[in-house]
Amino acid sequence: MRKKEYRKLISMGIVSIMMAGLLTACGESGIMADNTTSQSIEADEADEESAADVKKESKTSSKTEEAEDAKSEKMDNAESASTGEDIALTDDNDISITKGGKYTVTGSSKNSTICVETEEEVEIVLDGVSMENETTPCIYVKNADKVTVSTTENESTLTVTGSFETDGDTKTDAVIFSKDDIDLEGTGVLNIKSSDNAISSKDDLKIKSGTLNINCTGNALEAHDELEVTDGTINITGCNDGLHAKDSDDDSKGSVLITGGTLNISATDDAVHGTTTVQIDGGELTLKGSECIEATYIKINDGNLNISASDDGINAAAKSSTLTPTFEMNGGTVTISMGAGDTDGVDSNGDIYINGGTLDISGQSTFDYDGKAEYKGGTIIENGTTTNTISGQFFGGQGGGFGGFGEDRNRDGEFPQNMHGPRGGEFPQDMPQQENNGNETY
């Protein structure tokens with residue numbers, strides 16, 4: 001009788017050791033799940049497997065071997081958490097990512113938010129996802145070193161239909177809302193529909209690849225500091241602004257840089273808007289709006305742009321106190337078609353410099369400027385006629401006038417000595433450098 005009790009005590013001790021090892025492994029993995037979620041299914045399966053292992057080891061292994069198995073399992077779990085997890089969406093179930101890594105998201109949901117809060121880098125892979133919310137973002141980055149949202153070949157759709165709720169003092173007013181840097185890339189299609197903004201970053205926003213189809217009532221792509229497009233296809237319809245870079249508290253921030261990609265933008269206000277600069281170094285752009293490109297300093301180095309505007313095609317306005325309003329063209333091809341009325345092809349509250357490329361403007365007023373205008377090279381076509389001068393209207397500005405050369409500007413078109421800027425640049429010297437209710441935690 002004592003031998004049987006002794007064997008029973010040994011068996012219970014082995015079970016206790018193995019269960020303690022499993023619980024420690026889960027704690028180190030950084031994964032927590034509420035019992036009401038689908039994660040409980042995985043937990044049940046893990047318990048069954050553990051029980052089977054205990055039964056087997058109690059017959060064939062020593063206590064030392066069992067401890068080594070538990071240690072190995074802990075290491076496997078920790079590696080899995082660091083390299084990422086698979087997330088299956090369910091209705092009314094928020095996902096909390098609290099650890100860096102790559103997370104592949106599948107399935108569909110209603111009123112579910114993927115929330116990121118970590119000091120590390122996170123990649124969220126959307127693999128044929130469908131998310132529809134009423135008042136909250138589909139993806140909400142509260143804190144992160146950087147977040148990348150990427151797509152697979154399986155098309156994904158994110159939608160918010162109602163009025164966005166605030167999160168404390170934060171107005172989360174976009175389908176993808178980030179307080180930190182966020183990049184978008186991938187091989188597939190991401191559709192975004194919003195009752196306000198589509199994608200908003202309180203820091204930098206970069207579009208690197210993939211296809212974005214956006215329909216919204218607010219701004220399609222919004223950043224506080226810099227908004228950059230390097231590649232991909234972006235189709236925007238029905239939005240207030242297409243690309244929008246602005247910090248309401250600091251007029252030395254808010255720049256747009258486009259180096260490539262295909263952009264088709266139809267906006268009710270500005271197709272591309274920057275507080276400080278808009279610089280275009282390449283890409284295929286088809287822009288429709290009230291004013292298609294607006295910033296304090298607008299520079300076009302390359303690319304093919306087709307602009308249709310009901311107000312000004314290109315407007316260099318005094319948005320930033322750190323720069324002189326300027327339009328500068330060094331290359332590329334720009335075709336501007338203007339609506340009737342008091343509209344301008346190129347309007348600058350300051351200066352105009354044309355050094356290269358082809359600028360073809362059709363409209364009642366091709367140029368309007370208040371400062372100086374200089375032609376150094378390239379081709380200018382005004383209503384079908386090629387010219388080598390910059391005509392202009394005079395509305396009380398310092399320059400303007402027909403012929404377009406300011407009194408202190410020579411016809412050879414030398415730049416002012418203080419003209420330079422970022423990225424090899426020609427901008428002025430004062431240009432700035434740029435509770436858990438069924439939720440899951442990863």
Side-chain angles (χ1 to χ4, degrees), residues 270-272 277-280 285-319 323-416 419 426-428:
D270 299 339
V272 180
T277 64
V278 169
Q279 179 172 319
I280 300 173
L285 285 72
T286 301
L287 310 178
K288 296 180 180 180
S290 178
E291 291 182 340
C292 285
I293 302 178
E294 182 176 50
T296 306
Y297 201 116
I298 299 168
K299 180 164 69 169
I300 298 174
N301 294 321
D302 203 352
N304 294 311
L305 287 75
N306 286 284
I307 293 173
S308 299
S310 58
D311 195 346
D312 297 331
I314 295 174
N315 184 24
K319 300 295 181 180
L323 294 168
T324 298
T326 302
F327 170 67
E328 175 188 347
M329 183 167 177
N330 301 308
T333 300
V334 178
T335 302
I336 303 175
S337 299
M338 302 304 305
D342 184 16
T343 62
D344 302 306
V346 176
D347 184 2
S348 175
N349 294 154
D351 305 328
I352 294 177
Y353 307 123
I354 298 178
N355 309 308
T358 299
L359 179 58
D360 186 346
I361 306 175
S362 299
Q364 181 176 336
S365 170
T366 52
F367 295 96
D368 180 23
Y369 52 94
D370 297 334
K372 306 166 184 177
E374 176 183 293
Y375 169 80
K376 188 176 181 179
T379 302
I380 300 174
I381 303 172
E382 296 181 295
N383 292 313
T385 301
T386 301
T387 180
N388 60 0
T389 61
I390 302 173
S391 63
Q393 297 181 5
F394 182 80
F395 292 119
Q398 296 177 356
F402 296 102
F405 294 97
E407 294 180 359
D408 57 353
R409 177 78 55 174
N410 63 49
R411 292 179 179 268
D412 292 330
E414 297 179 356
F415 283 112
M419 285 295 291
E426 293 89 32
F427 293 148

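Positions are given from 1 along the sequence. Note that the structure is predicted; figures quoted are calculated from it, not measured.
Nearest heavy-atom pair, Ala271 versus Lys288, reported as atom, atom and distance to 0.1 Å: CB-O, 4.2 Å. Closest approach of Asp344 and Ser365 over heavy atoms only: OD1-OG, 2.7 Å. Considering all non-hydrogen atoms of both residues, Cys292 and Ala309 come closest at SG-CB, 4.0 Å. Scanning all heavy atoms of the two residues, the minimum distance from Asp312 to Thr343 falls at OD1-C, 4.1 Å. In plain terms, the two heavy atoms of Phe327 and Ser348 that are nearest each other are N-OG, 4.3 Å. In terms of heavy atoms, Phe367 sits closest to Ile361 at CZ-CD1, 3.8 Å.
With respect to Asp347, the side-chain contact (heavy atoms from CB on, under 4.5 Å) criterion is satisfied by exactly one of Asp370, Asp368, Asp311: Asp368.
Judged purely by distance below 3.5 Å, without hydrogens or angles, the side chains of Thr335 and Asp360 never pair a donor atom with an acceptor atom. No hydrogens or angles considered: nothing links the side chains of Thr387 and Glu382 as a donor-acceptor pair under 3.5 Å.
Asp351 places a side-chain N or O within donor-acceptor distance of the main-chain N or O of Lys372, the cut-off being under 3.5 Å. A donor-acceptor pair is defined here as one N or O able to donate and one able to accept, closer than 3.5 Å; such a pair exists between the side chain of Asn383 and the backbone of Gly363. A distance-only check finds no donor-acceptor pair linking the side chain of Thr389 to the backbone of Ser391 [under 3.5 Å].
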task = Could you go through the side-chain contact (heavy atoms from CB on, under 4.5 Å) check for Ile280 and Ile293 one step at a time?
result = CA-CA 11 Å; Ile280 300 173; Ile293 302 178; 3.9 Å; yes
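Distance check: Leu305 CG to Ile314 CD1 gives 7.0 Å after rounding to the nearest 0.5 Å. Here the CD1 atom belonging to Ile336 is positioned 12.0 Å from the CD1 atom belonging to Ile381, to the nearest 0.5 angstrom.
Looking only at side-chain heavy atoms (C-beta outward), Val346 and Val334 stay at 4.5 Å or farther from each other. By the 4.5 Å heavy-atom criterion applied to side chains, Lys376 and Tyr353 are not counted as neighbours.
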